[in-house]
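One structure is given below, encoded as structure tokens.
Remember, predicted model here, so these are calculated numbers, not experimental data.
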Amino acid sequence: MIDVQNRAYHQQHGCKFTSVIPTNVFGPNDNFNIEDGHVLPGLIHKVYRAKETGTALSIWGTGKPRRQFIYSLDLARLFIWVLREYDEVDPIILSVGEEDEVSIKEAAESIVSAMDFKGEVIFDSTKSDGQFKKTASNGKLRKYLPDFKFTPFNQAVQETCDWFNANYSAARK
């Protein structure tokens with residue numbers, strides 16, 4: 001509805017408001033709540049707990065679904081670009097490309113490595129996988145910023161895990 005409102009303001013008042021559509025965001029200062037946080041921060045917290053208690057890490061589903069994850073620091077750089085340079089009313093998707101999609105299993109493996117978790121990892125296939133893919137095109141973004149460099153996924157996960165470990169007592173969870 002915000003897109004409809006932005007178009008109406010443009011038609012009626014000539015205002016150039018827009019909206020941005022990010023994909024799955026993660027990074028330092030995220031909500032790491034296991035019940036209502038996003039996928040990666042929730043998994044980071046689950047790995048932390050499993051490591052602390054010496055128990056297996058249980059992940060819902062088969063791990064096969066694929067997602068586009070964007071590091072919050074990359075998203076912040078893109079927000080600044082939108083505020084300064086993007087001059088359209090039409091919304092823009094801020095996302096890594098489809099070629100950078102990772103499976104939930106690959107994401108979990110990256111977190112397990114970053115957290116140095118040595119315990120058992122179980123994918124509970126009795127739980128739903130959810131939608132297999134939720135691909136969003138970043139073609140429009142690439143038209144404007146063809147050379148934008150996203151932080152490599154494993155590096156972004158490592159930085160997020162390092163932040164979480166260093167700030168566990170103050171982290172939202």
Side-chain angles (χ1 to χ4, degrees), residues 1-3 6 17-52 57 59-61 63 65-88 90-117 130-131 133-173:
M1 288 308 298
I2 201 156
D3 181 40
N6 289 340
F17 300 136
T18 195
S19 57
V20 296
I21 305 165
T23 53
N24 299 285
V25 184
F26 74 99
N29 296 293
D30 209 326
N31 174 8
F32 292 86
N33 187 289
I34 292 171
E35 302 301 321
D36 64 16
H38 290 125
V39 174
L40 292 187
L43 277 174
I44 290 168
H45 194 180
K46 282 182 85 167
V47 171
Y48 181 93
R49 282 189 176 171
K51 186 175 177 179
E52 288 291 306
L57 171 64
I59 301 170
W60 282 20
R66 302 186 69 75
R67 297 290 182 266
Q68 290 164 288
F69 295 104
I70 186 167
Y71 189 37
S72 60
L73 301 181
D74 292 337
L75 184 59
R77 291 183 3 226
L78 289 168
F79 273 144
I80 291 168
W81 170 79
V82 167
L83 289 168
R84 292 180 176 163
E85 306 293 331
Y86 186 70
D87 197 32
E88 289 187 34
D90 291 332
I92 188 166
I93 295 170
L94 303 180
S95 173
V96 298
E98 185 175 356
E99 68 279 4
D100 293 318
E101 281 183 326
V102 296
S103 70
I104 299 302
K105 182 179 182 188
E106 292 165 334
E109 289 168 347
S110 181
I111 293 166
V112 163
S113 175
M115 297 287 282
D116 197 31
F117 178 70
Q131 188 173 336
K133 285 180 74 163
K134 296 182 180 181
T135 305
S137 171
N138 76 346
K140 188 176 192 178
L141 174 64
R142 285 299 187 196
K143 181 182 88 176
Y144 282 102
L145 297 173
D147 298 324
F148 185 86
K149 301 284 189 245
F150 288 95
T151 305
F153 180 73
N154 289 331
Q155 177 186 335
V157 166
Q158 183 69 59
E159 290 175 10
T160 304
C161 291
D162 291 347
W163 181 91
F164 184 72
N165 285 324
N167 295 280
Y168 182 79
S169 63
R172 287 186 298 156
K173 50 192 178 318

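Under the 3.5 Å distance criterion, the side-chain polar atoms of Gln155 are left unmatched by any main-chain donor or acceptor of Pro152. Proximity of a side-chain donor or acceptor of Asp74 to a complementary backbone N or O of Ile70 within less than 3.5 Å is not detected. A donor-acceptor contact shorter than 3.5 Å is absent between the side chain of Lys133 and the backbone of Arg67. No side-chain donor-acceptor contact under 3.5 Å links Arg77 to the backbone of Ile80. Under the 3.5 Å distance criterion, the side-chain polar atoms of Thr160 are matched with a main-chain donor or acceptor of Ala156. Remark: side-chain polar atoms of Ser19 are not paired, donor with acceptor, to backbone N or O of Ile2 under 3.5 angstrom. Side-chain atoms of His45 never come within 3.5 Å of backbone atoms of Asn33 as a donor-acceptor pair (strictly under, hydrogens ignored). Under the 3.5 Å distance criterion, the side-chain polar atoms of Lys173 are matched with a main-chain donor or acceptor of Ala171. In this structure a side-chain-to-backbone donor-acceptor pair under 3.5 Å is present from Gln68 to Ala136. Side-chain atoms of Asp100 never come within 3.5 Å of backbone atoms of Val96 as a donor-acceptor pair (strictly under, hydrogens ignored).
The structure places CD1 of Ile111 at 14.0 Å from CG of Asp116, a figure rounded to the nearest 0.5 Å. Atom-to-atom distance recorded for Trp163:CH2 and Phe32:CZ is 5.5 Å, nearest 0.5 angstrom. Rounded to the nearest 0.5 Å, atoms CH2 (Trp60) and CD1 (Ile104) are 13.5 Å apart.
Under the 4.5 Å side-chain criterion, counting only non-hydrogen atoms from C-beta, Leu141 is not in contact with Ser95. The shortest distance between side-chain heavy atoms of Ser103 and Pro65 does not fall below 4.5 Å. Using a 4.5 Å cut-off on side-chain heavy atoms (C-beta onward), Leu40 and Asn24 make no contact. Side-chain contact between Asn6 and Asp90 is absent, with no heavy atoms from C-beta onward closer than 4.5 Å.
Checking Gln158 against Asn154 by side-chain atom types alone, no donor-acceptor pair falls below 3.5 Å. A donor atom on one side chain and an acceptor atom on the other are found under 3.5 Å apart for Thr135 and Glu101.
For Leu83, the CG atom is densely surrounded, since the number of other residues' heavy atoms within 6.0 Å is greater than 12. Atom NZ of Lys140 is surrounded by more than 12 heavy atoms from other residues, nucleotides or ligands within 6.0 Å.
The six-membered or imidazole ring of Trp81 lies away from that of Phe148, with a centre-to-centre distance of 6.0 Å or more. For Tyr71 and Phe150, the distance between ring centers is not under 6.0 angstrom.
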(request) With side-chain contact (heavy atoms from CB on, under 4.5 Å) as the test, would you mind laying out the steps for Ile59 and Leu43 before giving the verdict? (result) CA-CA 8 Å; Ile59 301 170; Leu43 277 174; 3.9 Å; yes

(request) In sequence, state the C-alpha distance, the side-chain angles, and the governing distance for Val82 and Ile92, and then conclude on side-chain contact (heavy atoms from CB on, under 4.5 Å). (result) CA-CA 9 Å; Val82 167; Ile92 188 166; 4.2 Å; yes

(message) I'd like to know whether His38 forms a side-chain contact (heavy atoms from CB on, under 4.5 Å) with Asp30, so could you lay out the CA-CA distance, the side-chain angles of the two residues, the decisive distance to 0.1 Å, and finally the verdict.
(response) CA-CA 9 Å; His38 290 125; Asp30 209 326; 4.2 Å; yes

(request) Quick one: do Leu73 and Thr151 satisfy side-chain contact (heavy atoms from CB on, under 4.5 Å)? Show the steps, please. (result) CA-CA 8 Å; Leu73 301 181; Thr151 305; 5.7 Å; no

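With Phe117 as the aromatic partner, Lys46 does not meet the cation-pi criteria of under 6.0 angstrom to the ring centre and within 45 degrees of the ring axis.
The aromatic rings of Phe69 and Phe26 lie perpendicular to each other, with more than 60° between the two planes, well past the 30° mark.
Minimum interatomic distance between Gly97 and Asn138 (heavy atoms only, all atoms of both residues): N-ND2, 3.3 Å. Residue Ile21 comes nearest to Pro91 through the heavy atom pair CD1-CB, 4.0 Å, listed as atom of the first residue, atom of the second, then distance.
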